[in-house]
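Report on the structure given below.
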Amino acid sequence: MRMQSFRIKQLLVSGAGKIDGVIEFDDGLNIIQGRSNTGKTWILKCIYYLFSSDKNPFSPLTGYSDIKGVFYTKRYGDITIKRRLNDNQAEVICVHPDVVNGIYDTNYKGKGPLYLNDLWLRIIGLNETISVPKSARYARERISWTNIANVFFADEDEIDKSGSLIIKDFNYETALISSLYFLLTGDYKKGVEEILKPEVANEKKKAVVAYIEEQVSALSDKKVNYIMQLEELADVDVDKQMQELTEGISALQQEMSELVEDNATVIRQISEYQQEEANCKVLIDRYKSLTSQYKADLQRLDFISRGEKAVKGLPKNDICPFCGGPIDNHDENYDEAIQAETKRIVSELAVIVATENNVREEQIGISRNISELTKRRAEISEAIAEKTLKINDYRTNLQRYRDYTKLQSGIDFVNEQLQVLGRKKVSELHKKKNPPLYHAKKEFEELVGTGFNELLNKILKECNYRAGYASWDFKTFDILMDGVSKEEDQGKGYRSFLNSVIALMLYEYFNSDDVFIKPGILMIDTPLLGFDENEDGTQGATLKNGLYQYFINHKGNGQIIIVDNLNVMPDIDLQAAGAKVTTYYKDEKDGHVYGFMPSWRKDLPKETE
């Protein structure tokens, strides 16, 4: 037997300074019973909130703000979902590598890549988020887990309603029924395009035909251009020309290679000559400095020689002007020394001048060589540029001939495209008729047949309901008793009972082994709402016992969570029958649990002794 897609293991609510509210769940049947206003209803609303509902499960005035659910899933193991009140995001935690941990948006208006709806669809077995038809013309919308789960969640505000328990808003019934049909069959009319209204379809057809004609015109012009190019070269031996151009390019590239090598040699020689020229300039500067120094020395010697001649005829001073003592005069002659030094300097100066002249002549030769090499380099660069232009010209012509060889292939391709466009135009102008409009209820009825009827009567019989024959009205998606809707002659308590029977029927039908997707969960809030007010006591008690006995006997391979009031509970030992029973009171005596949210006690009347 197939296992349900998931089940809830634990629910926890918390808030700043508040005692945590915690409840554990088991497989199979879970009964949550208690006094009024002890937070029972909030439990189911919290679970639905973690499914991605937009509506807060309870008021922030309670002081509680955070909700955490731990779910066991068949596909991924345990998944923890945390969400705050008034928050459009939830945190997901899971150790399975295929589940991304992090923040998930609860609706598709969010900006993130992760959406809680997508995760829940993966949990129940889908590998992608599909779009189901939402109208008879096959307009589509994303399949919604909250919409699906709402079918299997009968809350306190709906359990006694006189209308359909399934269809909450008839404006959106097609999408919901399409989703339920998908759960049963896996069919969501994949590939069926939306049927446009006639006026829209005609405008679209005109636009498509105009586009095709525009493309045909452009391709026809291209084809004419190809043909003209072919005619221009009709008398040319293309292969021979391509061969000659290829050989010419090869020869020019060889010449280019030699020119580049020559250019490198010239550059290297220019660099060497420039270094030699720099050395000559350094030597000439040094010789100029030595020449200046020697000339200065000659001027000094000449000054000394003329001074000697000038003082030679003056009288000698024999008395020291300072001490008055006699001065011993010696006659010394420096002429010979001056002449010898002058002769030496003049000789060296002549050598320096001669050497400097040689260096200048060498520099002139070097400059001449640099000039010639520079001219040669310019000639080489010009030759390289000319050959580059010639190679490019050859390549252009070669590409032209190569393109010529592709022209016929291009013409063939254009012809193929023209044929394709022609077929598209014909197809667009003679489009086949649209498929029949989609009637979701009719297809659902054809699929289910009498299955709902049989299951409804089986449940009613086991619940000891003897009032008549039940049938399913596919137009209203609701139960009929002897052909009469429950709103016409049923009281509040019986409406609650019959809606609970509908919920059980859906749970069993959608969790049988041959369905495509098995949700495996049912949540009912106060299935016997109203029986304590205006229903017949004996018959009411019989139906209560019968309904709860059915819960016990047919909890199936899934999870059922029932919330009810203590004062209407049947006289059955539910825990002994295998149900997990959680009871809430308005006091803490004898180990009682004080409501689901222990810190929320405002306006809760205490139970009497």
Side-chain angles (χ1 to χ4, degrees), residues 147-170 172-174 176-177 179-181 183-184 440-512 515 519 522-531 534-536 539-540 542-551 553-554 556 560 562 564:
N147 288 346
I148 293 171
N150 201 19
V151 173
F152 304 99
F153 171 32
D155 69 18
E156 188 178 26
D157 298 328
E158 297 179 341
I159 193 64
D160 64 345
K161 67 185 295 189
S162 57
S164 173
L165 184 70
I166 301 173
I167 308 297
K168 272 69 173 182
D169 187 338
F170 284 92
Y172 302 100
E173 67 176 31
T174 300
L176 178 60
I177 296 173
S179 299
L180 296 177
Y181 189 87
L183 291 183
L184 295 175
K441 287 183 175 179
K442 183 177 179 181
E443 287 207 14
F444 197 90
E445 182 178 3
E446 291 175 354
L447 173 69
V448 174
T450 61
F452 279 8
N453 295 354
E454 295 168 0
L455 195 49
L456 285 170
N457 285 286
K458 179 181 81 74
I459 297 172
L460 289 170
K461 182 179 179 181
E462 289 192 40
C463 290
N464 302 313
Y465 188 84
R466 311 295 182 187
Y469 178 78
S471 61
W472 188 255
D473 185 356
F474 287 94
K475 292 181 180 179
T476 62
F477 250 66
D478 203 358
I479 192 172
L480 299 176
M481 295 305 301
D482 291 325
V484 179
S485 66
K486 63 178 182 288
E487 66 180 337
E488 293 188 19
D489 63 354
Q490 300 291 350
K492 181 177 180 180
Y494 279 106
R495 290 200 305 269
S496 300
F497 171 77
L498 291 177
N499 282 329
S500 299
V501 170
I502 292 171
L504 276 168
M505 180 270 294
L506 293 170
Y507 172 74
E508 287 196 39
Y509 197 92
F510 279 85
N511 287 280
S512 57
V515 301
L522 174 64
M523 300 188 298
I524 305 178
D525 191 349
T526 56
L528 298 171
L529 181 66
F531 265 109
N534 55 8
E535 303 302 344
D536 177 72
Q539 176 63 15
T542 302
L543 291 180
K544 292 175 190 179
N545 289 342
L547 180 63
Y548 269 87
Q549 192 61 51
Y550 195 91
F551 286 145
N553 296 340
H554 298 277
I560 300 177
I562 305 298
D564 216 336

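Hydrogens, waters and symmetry mates are skipped; everything else that's a heavy atom, side chains included, is used.
Lys441 pairs by the side-chain contact (heavy atoms from CB on, under 4.5 Å) definition with Phe170, Glu173, Ile177, Phe477, not counting sequence neighbours. With sequence neighbours left out, the ring-ring contact (aromatic ring centres under 6.0 Å, His included) criterion links Tyr507 to no other residue. Legend: residues meeting side-chain hydrogen bond (donor to acceptor under 3.5 Å, both in side chains) with Asp157, ordered by chain and number and at least two apart, are absent. Applying the side-chain hydrogen bond (donor to acceptor under 3.5 Å, both in side chains) rule to Glu445 yields no partners; only residues at least two apart in sequence or on another chain are considered. Every side-chain contact (heavy atoms from CB on, under 4.5 Å) that Ser500 has, sequence neighbours left out, goes to Ile159, Ile524, Pro527, Leu547. With sequence neighbours excluded, no residue forms a ring-ring contact (aromatic ring centres under 6.0 Å, His included) with Tyr181. With sequence neighbours excluded, the residues that form a salt bridge (Lys or Arg N to Asp or Glu O under 4.0 Å) with Asp155 are Lys45. Qualifying salt bridge (Lys or Arg N to Asp or Glu O under 4.0 Å) partners for Glu454, counting only residues two or more places apart in sequence or in other chains: none. Among residues two or more places apart in sequence or in another chain, the side-chain hydrogen bond (donor to acceptor under 3.5 Å, both in side chains) test is passed with Asn147 by none. In this structure Glu443 satisfies the salt bridge (Lys or Arg N to Asp or Glu O under 4.0 Å) test together with Lys189, sequence neighbours excluded.
Two residues are said to be in side-chain contact when any heavy atoms from C-beta on lie closer than 4.5 Å; Ser164 and Thr476 fail this criterion. Looking at Ile562 and Tyr548, their side chains come closer than 4.5 Å, going by heavy atoms from C-beta outward. Residues Ser496 and Thr526 are not in side-chain contact: their nearest non-hydrogen atoms beyond the backbone lie 4.5 Å or more apart. Within the 4.5 Å cutoff, side-chain heavy atoms of Val448 are placed close to those of Tyr509. Side-chain atoms of Phe474 and Glu446, non-hydrogen and from C-beta on, never get closer than 4.5 Å to each other. At least one side-chain heavy atom of Met505 sits less than 4.5 Å from a side-chain heavy atom of Phe452. Between Thr450 and Trp472, the closest side-chain pair of non-hydrogen atoms is not below 4.5 Å.
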What verdict does the side chain to side chain contact (heavy atoms under 4.5 Å, CB included) test give for Ile166 and Leu176, after you've listed the backbone C-alpha separation in whole Å, the side-chain angles of each residue and the deciding distance to 0.1 Å? CA-CA 9 Å; Ile166 301 173; Leu176 178 60; 4.0 Å; yes
Walk me through whether Phe497 and Lys492 qualify under side chain to side chain contact (heavy atoms under 4.5 Å, CB included). CA-CA 9 Å; Phe497 171 77; Lys492 181 177 180 180; over 6 Å; no
Is there a side chain to side chain contact (heavy atoms under 4.5 Å, CB included) between Leu180 and Phe510 once you walk through the steps? CA-CA 9 Å; Leu180 296 177; Phe510 279 85; 3.9 Å; yes
Stepwise, does the side chain to side chain contact (heavy atoms under 4.5 Å, CB included) test hold for Leu522 with Phe153? CA-CA 6 Å; Leu522 174 64; Phe153 171 32; over 6 Å; no
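Sorted by first and then second residue, the salt bridge (charged side-chain N to carboxylate O under 4.0 Å, His left out) pairs involving residues 468-485 (not counting sequence neighbours) are Asp478-Lys486.
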Donor-acceptor contacts under 3.5 Å from residues 455-463 side chains, at least two apart:
from	atom 1	to	atom 2	distance (Å)
Asn457	OD1	Ala470	N	2.9
Asn457	ND2	Asn453	O	2.8
Asn457	ND2	Ala470	O	2.7
Lys458	NZ	Tyr550	OH	2.8
Glu462	OE1	His554	NE2	2.8
Glu462	OE2	His554	NE2	3.4

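Of the inter-residue distances, the one linking Leu165 atom CG with Phe152 atom CZ reads 11.0 Å to the nearest 0.5 angstrom. Atom CG of Leu504 and atom CG of Asn499 lie 11.5 Å apart (nearest 0.5 Å).
Within 6.0 Å of OH on Tyr172 lie no more than 12 heavy atoms contributed by other residues, nucleotides or ligands.
The backbone N or O of Asp525 lies less than 3.5 Å from no partner atom in the side chain of Asp564, so there is not a single donor-acceptor pair.
Minimum heavy-atom separation, Lys544 to Leu528: CG-CD1, 3.3 Å. Considering all non-hydrogen atoms of both residues, Gly546 and Asn464 come closest at CA-ND2, 4.0 Å.
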